[in-house]
J.: 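Sharing a structure, written as structure tokens. Questions coming.
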Amino acid sequence: MSDMRPICIQNAQMVDPASARDEICDVWLKDGLIAAIGNDLEPCSDTLCVDAGNLVLAPGLIDLKVKTGEPGSEHREDLKSASMAAAAGGVTTMVIAPDTDPVIDDAALVEFIARSSRTKSIVNVLPAGALTKELLGEQIAEIGLMAEAGAVLFSNGDQAIASAAVMRKALAYSGAFNALVSCRPEDPTLAANGVMHAGELSSRMGLGGIPIAAETIHIARDIALAELTGGRLLIEQISSAAGVDMVREAKAKGLDVSASVSVHHLCLNELDVGGYRTFARLSPPLRSEKDRLGLIAGVLDGSIDVIVSGHDPRPAEEKRLPFAESSAGACGLETLLSGALSLVHNANGDLITALRPLTSAPAELLGINAGNIAIGAPADLILIDLDKPWICDADKLLSKSKNTPFDGQRMQSRAVATLVRGRIVYDANSLFA
Amino acid sequence: MSTTSYVFAKPHLLGIAGLNFPEAVSLLDRAEGYVEQSRQTDKTSNKLHGLTQINLFFEPSTRTQSSFEIAGKRLGMDVVNMAVQSSSVSKGETLIDTAMTLNAMRPDLLVVRHGASGAAELLSQKVDCAVINAGDGQHEHPTQALLDALSIRRALGSLAGLRIAICGDIAHSRVARSNVILLNLLGAEVRLCGPPTLLPSDADRWGAEVFHNMDDALNACDVVMMLRLQTERMNSAFIPSSREYFRFYGLDRTRLGKAAKGALVMHPGPMNRGVEIDSDIADDPKISLITAQVEMGVAVRMAVLDMLAEAKNKDTHE
């Protein structure tokens with residue numbers, strides 16, 4: 001760290017959701033930390049001063065839901081390629097989902113992820129531990145030992161926990177460690193054979209539908225269990241307006257319940273699967289426009305705490321298939337920021353509202369000192385060109401897999417530079433050259 | 001040349017959705033001529049001589065595949081049937097790989113049946129020849145709907161204003177989907193009837209009235225179209241038993257009495273006698289159009305092959 005030159009980012013529009021500051025000022029970075037914030041900073045003489053006029057300086061994004069294929073399916077994505085994609089997308093911290101092969105369900109594997117990422121990843125990596133052994137939903141995994149080894153939350157990956165009794169035990173047991181339990185709300189029996197949102201479109205297209213009830217049944221169940229046990233529940237990747245209403249109610253009752261949404265569900269709806277586009281086959285499925293608007297409302301009023309990429313790289317051989325035979329999932333790291341900032345461009349909310357669920361809110365959930373611009377905080381920062389128009393070209397993604405439902409779509413806003421612990425990991429415009 | 005003035009310009013026939021009224025009518029009109037040709041002693045013409053048709057069936061089929069084969073041969077084409085179950089697909093080759101391989105053999109027409117909805121559309125994006133959907137999953141089966149429409153038109157003169165009930169397993173039926181669209185397009189009033197577990201929840205938004213009571217559904221109907229109940233559905237939780245199904249949704253002479261006088265009965269085959277339809281009706285030539293449907297199948301498929309080949313030929317010469 002000592003060989004790193006201090007950096008002073010000048011004249012940027014600093015947007016820090018944690019302190020609700022949105023103002024033009026300079027930020028001085030030294031030894032990987034934020035050393036000073038102000039208007040007339042006098043940084044030491046060896047400082048690299050960069051004029052970031054017309055750019056937004058924001059905390060680096062914290063993405064609570066990233067899947068890589070390491071270990072087990074490195075052809076889809078490994079920690080290195082995922083971190084390159086993250087850096088280019090303005091994501092400075094990735095929470096890696098436990099659905100790998102083998103499943104991250106014991107302390108040694110948590111350490112493996114942490115250790116490999118130190119050499120392979122150019123952004124911060126935090127492992128999530130499996131909630132149940134092998135994600136089978138039968139036996140609670142070693143939550144305490146994994147938490148000690150550095151697991152920041154416990155998730156059953158994309159597998160729902162079918163048994164309410166197991167979910168109850170997981171929520172109760174995790175309370176001893178104040179661990180965050182993250183679950184995908186989806187009743188597996190109702191979702192069986194479903195490949196898209198159940199509705200008029202799915203029945204016209206002859207594709208099996210997943211009804212909204214598959215989600216709301218589990219949300220209702222898990223909220224009731226959180227109330228029963230006092231556990232900390234994060235409802236992952238909510239997809240329906242009805243689901244948002246249930247979370248809103250639970251919060252009003254004062255329960256420790258939070259929710260995340262994937263950026264795809266904020267920007268796209270079921271119509272995007274028209275023409276059997278397998279890139280738009282996601283889990284949970286893209287739902288109706290009414291649901292999409294309900295999700296946006298949830299983000300704006302804070303019912304939904306966190307926006308995630310739901311990054312799930314799938315190579316061509318899993319997507320160049322008939323729709324129902326393809327696998328679900330989409331890359332998201334490089335489109336997370338632009339997708340979320342569409343809330344600003346579409347005049348749904350301001351920058352602080354759009355960036356909070358990507359920065360300070362996930363940091364608070366994890367209880368980590370990150371996602372904010374404050375003296376002494378780690379210098380995980382991004383510079384955003386807010387107006388930059390660009391066309392998402394799947395082939396140009398840095399991920400090993402190129403599946404994005406945004407392929408061919410016009411986007412606005414892009415990260416132009418990314419700093420992790422004061423180190424420049426992405427610099428599209430050679431600002432720091 | 002063409003017997004209709006309208007020029008059919010679609011590169012593929014992937015479904016009824018996407019066809020407009022003149023296109024549908026011109027296909028039926030063209031098929032009329034092929035009904036006559038097929039009744040001659042010499043049934044074969046040289047219309048499409050030199051062209052190659054490949055029948056690519058990923059699902060077992062007897063009638064549709066032979067109907068397409070006969071149709072192609074009557075037009076003078078070289079017809080090849082690909083037995084997909086026994087070939088490279090079982091070795092892990094994907095649909096697209098198979099399509100690319102076949103495409104390299106330069107067929108002119110590719111007839112595809114596949115168990116996945118959207119498979120024909122996916123194929124059509126990857127090959128140069130015209131693709132005909134012979135059934136994709138639970139999505140569409142356009143030639144079945146066209147042959148049904150032709151059978152009704154020849155029996156009753158016109159489809160406009162007819163009341164037609166489609167009964168049975170609507171949810172899993174590509175025949176029902178294609179028929180609802182085509183019959184609506186041709187001006188018929190369409191009714192759907194089946195137990196709620198076998199009807200898609202949004203079927204009322206397809207342009208059809210939905211019934212769960214068969215007697216009500218058949219009231220004053222001119223045509224009753226029965227669908228096949230797949231054996232695997234009988235044993236899963238969709239219906240309690242085939243005996244209960246026949247009691248409430250099977251078609252027998254008493255129930256047919258609720259329909260209009262002289263109502264006709266259709267079935268896309270193969271039939272489950274005693275499950276969805278009583279033999280007494282199925283075999284009564286005065287009310288059953290079932291064998292006519294099979295005959296019209298060949299004529300309609302000849303028309304489709306002919307129209308697509310013509311459209312492609314026109315395209316390459318312009």
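The structure presented is a predicted model; accordingly, all values stated were derived computationally and were not measured. Throughout, a chain's letter reflects where its sequence line sits, starting with A, and its residues are numbered from 1.
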J.: Check each atom of Glu325(A) against the heavy atoms of chain B and say whether the ones under 4.5 Å are side chain, backbone, both or neither.
T.: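 For Glu325(A), side-chain heavy atoms alone lie under 4.5 Å from chain B.
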
J.: So what's closer than 4.5 Å to chain A heavy atoms on Arg177(B): side chain, backbone, both or neither?
T.: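 Contact with chain A: side chain only.
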
J.: I'd like to know which of Gln125(B), Glu140(B), His114(B) tops the heavy-atom pair count under 4.5 Å against chain A.
T.: His114(B)

J.: Under a 4.5 Å cutoff for heavy-atom pairs, which residue among Gly209(A), Gly275(A), Ala198(A), Ala324(A) has the most contacts with chain B?
T.: Gly275(A)

J.: Hey, is the main chain of Gln237(A) close enough, under 3.5 Å, to the side chain of Ser262(A) for a donor-acceptor pair?
T.: no

J.: Does Phe406(A) have its ring centroid less than 6.0 Å away from the ring centroid of His264(A)?
T.: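 They qualify: ring centres under 6.0 Å apart.
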
J.: With a 3.5 Å distance limit and no angle check, can you tell me whether Asp101(A) reaches the backbone of Ser73(A) through a side-chain donor-acceptor pair?
T.: no

J.: Knowing that exactly one of Leu186(B), Val180(B), Leu183(B), Val224(B) qualifies, which makes a side-chain contact (heavy atoms from CB on, under 4.5 Å) with Ile164(B)?
T.: Leu183(B)

